[in-house]
Each structure stands twice: as C-alpha cells, then as structure tokens.
Amino acid sequence: MNKYFNLLVVFCLFCIMTSCQKEKEYYVFTSFHEPANEGLRYLYSEDGIHWDSISGTWLKPEIGKQQLMRDPSMVRTPDGTFHLVWTTSWKGDLGFGYASSKDLIHWSEQKMIPVMEHEPTTVNVWAPEIFYDDEKEQFMVVWASCVPGRFARGIEEEDNNHRLYYITTKDFKTISEAKVLYDPGFSSIDATIVKRASKDYVMVLKDNTRPNRDLKIAFASSPYGPYSPASKAFTQPFVEGPTVEKVGEDYLIYFDVYKKKIYGAVKTRDFINFTNETKVVKVPEGHKHGTICKVPKFVIENLIKNQKK
C-alpha cells in the first residue's frame with residue numbers, strides 16, 4: 001500500500017512541476033530597426049528589466065505605400081493567438097497593418113485595416129496600439145491621425161496636428177466606425193492603454209507639440225473614455241513610443257529617448273509618482289519602440305532555436 005501511495009505522490013509532484021514549467025512566462029518586446037523596411041524584430045526578458053535580442057526579422061512588411069513596419073504593437077488573446085498591428089507608411093495610407101500568429105514565427109497574410117477612409121484628407125495613420133478588452137472580448141486599436149482643419153491648431157502646422165482615434169473589432173474583418181478617443185487640446189500621438197482593474201484604466205500618451213515632445217498620463221473608468229485632462233509630463237522632452245509592463249507590484253513604463261538613441265524607463269505604482277529606472281534597465285542598441293507582452297517560455301525557446309543569424 002505504501003509503495004503505491006509513494007508512487008502516487010511522486011506522480012502528483014511530477015504533474016505539479018510539469019504544470020509550473022508550462023506556466024512559466026517570459027516577456028517579449030516587439031521591435032524594429034530604422035529605416036523600418038526590414039521587418040519585425042523581438043527582444044525577450046525573463047525579469048522584464050534585462051533584455052536580449054532574438055536575431056533576425058520575423059515578418060517582412062508587404063503592404064502600404066511605403067511598406068514599412070514601424071511601431072509594432074502586439075497582444076496575446078486567451079486562445080493563445082498573437083495579434084499584431086503596425087504603421088505601414090509615414091504619410092498617405094488611410095489604415096494600419098494587421099497579421100496574426102500562433103508561434104511568432106509563422107504569420108497570417110498581412111491586411112490593411114482601412115480606418116480613415118471616411119476622412120480622405122487624412123495625412124497619416126501613426127502608431128496603432130492594440131488593446132484587448134477582456135470584459136467585452138474585443139480588440140480596441142488606438143492610433144494618431146492628422147486631419148487638417150479639424151482641431152484647434154495651437155502651435156502645430158495643420159499637417160502635424162494629431163489627435164487620438166480608435167476602432168473596435170472582434171475579428172479584424174468587421175470593424176467599427178473610427179471615433180476620436182482623446183482630444184487633450186494639443187497634438188498627441190503614441191497612446192497606450194493599461195487596465196489596472198475593472199473601471200480603472202490609464203492612458204500613457206505623447207504630447208507631440210514643440211518643444212515638449214514628452215509623456216503624460218490620463219485616467220478613465222472605461223478604455224473608451226472619457227479620459228481626464230492630461231497630467232504634467234513625467235519624462236524629459238524628446239521621448240516617444242511608451243509601453244507598459246507590470247513586474248510584481250510595480251509598473252515599468254519604457255520609452256524611446258530618440259535624441260540620445262537609448263531606451264529609458266520609469267517605475268510607478270499609481271501613475272502619479274515615478275522613479276527613473278533608465279540606468280537599471282538594459283535594452284539592446286538599435287531597438288525602436290514596440291510593445292511588451294507576456295508569452296509562454298516555450299515560445300521564446302522556439303524563437304531562439306529558429307533565430308536567423
């Protein structure tokens with residue numbers, strides 16, 4: 001009897017260890033290198049602080065007037081599918097790129113998601129950021145567009161006066177009408193949304209007006225707004241492309257300090273008080289802004305195994 005009991009205990013321990021191993025997750029950081037025509041790149045990290053590159057490009061841009069892949073933003077849905085959106089051109093396109101994957105290696109056919117066709121004078125569709133609304137089980141994509149003459153210009157030229165728009169979709173086949181998500185009273189781009197709890201959302205956005213070019217915060221009880229007035233800046237000027245990850249009880253906000261050609265970061269628990277973590281984080285040179293999400297360890301191991309030298 002004891003023999004069988006001992007075997008059962010060993011088997012249960014094995015199952016628990018196997019389950020824990022399967023559940024271990026790494027962080028993946030989508031990336032691109034200038035001039036953004038080579039394709040999707042990845043960084044990975046076990047602790048969310050120290051990052052390594054995975055060699056090669058994994059999705060070559062094939063759509064858009066300039067066929068670029070800038071600002072790659074990705075989420076993983078509960079069924080294990082990765083969904084990616086990106087900027088396809090500096091100017092001229094009325095939509096953004098979309099593709100999906102199960103393993104981050106093999107991708108679906110690339111699609112242009114035409115979100116601004118109703119505004120034919122639109123200058124651009126920049127930095128789409130994908131957010132999965134787990135309560136409504138749908139995607140939300142936020143981006144910045146400039147529609148000349150539509151908003152108070154301030155100090156910006158008409159072709160550089162951006163506001164934040166969004167659409168929702170469940171399948172990237174049927175797309176909602178584009179709506180203005182946020183008009184903070186100044187040109188704004190590069191918005192990312194964080195859910196802290198039900199009815200508790202944070203938006204990190206770039207104030208794109210000269211000479212600011214810094215990051216600010218807004219709060220809402222719904223990802224679709226309305227959002228509070230923008231906070232004062234929590235970064236130095238000339239930064240962009242924020243992305244947020246949670247490590248323990250802290251949130252890390254990464255951002256591209258593009259004039260210095262480095263990556264910066266701050267740490268916060270409340271999105272009101274921040275500490276500078278730029279000297280703590282380690283991000284490979286040449287990385288340009290994407291987004292961070294968690295993936296199973298085996299996905300990273302498979303990428304490393306198949307990386308292109």
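FYI, the numbering just counts along the sequence from 1.
- Ser228 places no side-chain N or O within donor-acceptor distance of the main-chain N or O of Ala218, the cut-off being under 3.5 Å.
- Dense packing is recorded around CD of Glu135, with more than 12 heavy atoms of other residues, nucleotides or ligands lying under 6.0 Å away.
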Ring pair (Phe, Tyr, Trp, His ring centres under 6.0 Å) between Tyr254 and Phe29, intermediate numbers included: CA-CA 10 Å; Tyr254 282 86; Phe29 205 153; 5.8 Å; yes
Steps toward side chain to side chain contact (heavy atoms under 4.5 Å, CB included) verdict (Lys267, Val280): CA-CA 11 Å; Lys267 182 168 66 176; Val280 177; over 6 Å; no
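- For the residue pair Leu43 and Ser53, the shortest heavy atom distance occurs at CD2-OG, 3.5 Å.
- Looking at Thr81 and Lys102, their side chains do bring a donor and an acceptor atom within 3.5 Å of each other.
- In the hydrophobic cluster analysis, where Ile, Leu, Val, Met, Phe, Trp and Tyr join through side-chain heavy atoms closer than 4.5 angstrom, Met74 is grouped apart from Val85.
- Side chains of Glu158 and Arg153 form a contact here, defined as non-hydrogen atoms less than 4.5 Å apart.
- Considering only heavy atoms from C-beta on, Leu84 comes within 4.5 Å of Trp107 through its side chain.
- No donor-acceptor pair under 3.5 Å is formed between the side chain of Asn160 and the backbone N or O of Glu156.
- Between atom OG1 of residue Thr30 and atom CG of residue Asp71 there is a gap of 9.0 Å, rounded to the nearest 0.5 Å.
- Across all their heavy atoms, Thr268 and Asn273 have their closest contact at OG1-O, 2.7 Å.
- Note: Asp207 CG to Ser187 OG = 8.0 Å, rounded to the nearest 0.5 Å.
- There is no path of hydrophobic side-chain contacts, each under 4.5 Å, that joins Ile300 to Trp51.
- Taking all atoms of both residues into account, the shortest heavy-atom contact from Gly241 to Tyr263 is O-OH, 3.9 Å.
- Residue pairs that meet the side-chain hydrogen bond (donor to acceptor under 3.5 Å, both in side chains) test with at least one member in residues 140-152, sequence neighbours left out, are Glu119-Arg150, Trp143-Ser145.
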Trace of the side chain to side chain contact (heavy atoms under 4.5 Å, CB included) decision for Phe219 with Phe271: CA-CA 9 Å; Phe219 300 93; Phe271 291 90; 4.0 Å; yes
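- Listed here is the closest heavy atom pair of Lys60 and Asn37: NZ-O, 3.6 Å.
- Side chains of Thr192 and Asp190: no donor on one and acceptor on the other come within 3.5 Å.
- When all heavy atoms are compared, the tightest approach of His289 to Phe32 is O-CE2, 3.5 Å.
- The OG1 atom of Thr278 sits 7.0 Å away from atom CD of Gln236, with the distance rounded to the nearest 0.5 Å.
- Residues Trp58 and Ile105 have side chains in contact (heavy-atom distance under 4.5 Å, counting atoms from C-beta outward).
- Between Lys297 and Glu46 there is no salt bridge, since no side-chain N of the basic residue sits under 4.0 Å from a carboxylate O of the acidic one.
- Residues Ile167 and Leu181 are members of separate hydrophobic clusters, defined by side-chain heavy-atom contacts under 4.5 angstrom among Ile, Leu, Val, Met, Phe, Trp and Tyr.
- Side-chain contact between Ile262 and Val257 is present, with heavy atoms from C-beta onward closer than 4.5 Å.
- Summarising the local packing, NZ of Lys170 is surrounded by more than 12 heavy atoms from other residues, nucleotides or ligands at distances under 6.0 Å.
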Criterion side chain to side chain contact (heavy atoms under 4.5 Å, CB included) on Tyr165 and Thr122, from CA distance to verdict: CA-CA 12 Å; Tyr165 291 78; Thr122 298; over 6 Å; no
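- Listed by first then second residue, pairs satisfying ring pair (Phe, Tyr, Trp, His ring centres under 6.0 Å) with a partner in residues 108-130 read Trp90-Trp126, Trp126-His162, not counting sequence neighbours.
- Every pair tested for ring pair (Phe, Tyr, Trp, His ring centres under 6.0 Å) that includes a residue from residues 190-210 fails, sequence neighbours excluded, so the list is empty.
- Tyr251 places no side-chain N or O within 3.5 Å of a backbone atom of Val194 that could act as its donor or acceptor partner.
- Proximity of Gln110 to Leu59: side-chain heavy atoms (C-beta onward) are separated by under 4.5 Å at one or more points.
- One hydrophobic cluster, built from ILVMFWY side chains closer than 4.5 Å, cannot hold both Val75 and Val28; they sit in different ones.
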Arg70/Glu34 under salt bridge (charged side-chain N to carboxylate O under 4.0 Å, His left out): CA gap, chis, key distance, verdict: CA-CA 9 Å; Arg70 301 185 64 86; Glu34 295 288 9; 2.9 Å; yes
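- Remark: the backbone N or O of Phe139 is not paired with any side-chain donor or acceptor of Thr169 at under 3.5 angstrom.
- Counting heavy atoms from C-beta on, the side chains of Phe255 and Thr235 come closer than 4.5 Å.
- Heavy-atom minimum distance, Pro128 versus Phe96: CG-CB, 3.7 Å.
- Within 6.0 Å of NZ in Lys179 there are 12 or fewer heavy atoms belonging to other residues, nucleotides or ligands.
- Remark: Met69 CE to Arg41 CZ distance equals 11.5 Å, nearest 0.5 Å.
- Side-chain contact between Thr88 and Leu68: absent, with no pair of heavy atoms (C-beta onward) separated by less than 4.5 Å.
- Summarising the geometry, atom CD1 belonging to Ile193 is positioned 8.5 Å from atom CD belonging to Glu129; distances are rounded to the nearest 0.5 Å.
- Side-chain heavy atoms closer than 4.5 Å link hydrophobic residues (I, L, V, M, F, W, Y) into clusters, and following such links, even through other members, never connects Phe151 to Tyr182.
- We find the CD-OG1 distance between Glu177 and Thr168 to be 10.5 Å, quoted to the nearest 0.5 Å.
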Test side chain to side chain contact (heavy atoms under 4.5 Å, CB included) applied to Tyr44 and Val295, step by step: CA-CA 10 Å; Tyr44 76 98; Val295 303; over 6 Å; no
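- No side-chain heavy atom of His33 sits under 4.5 Å from any side-chain heavy atom of Lys288.
- Looking only at distances, a side-chain donor or acceptor of Ser89 sits under 3.5 Å from a matching main-chain atom of Lys65.
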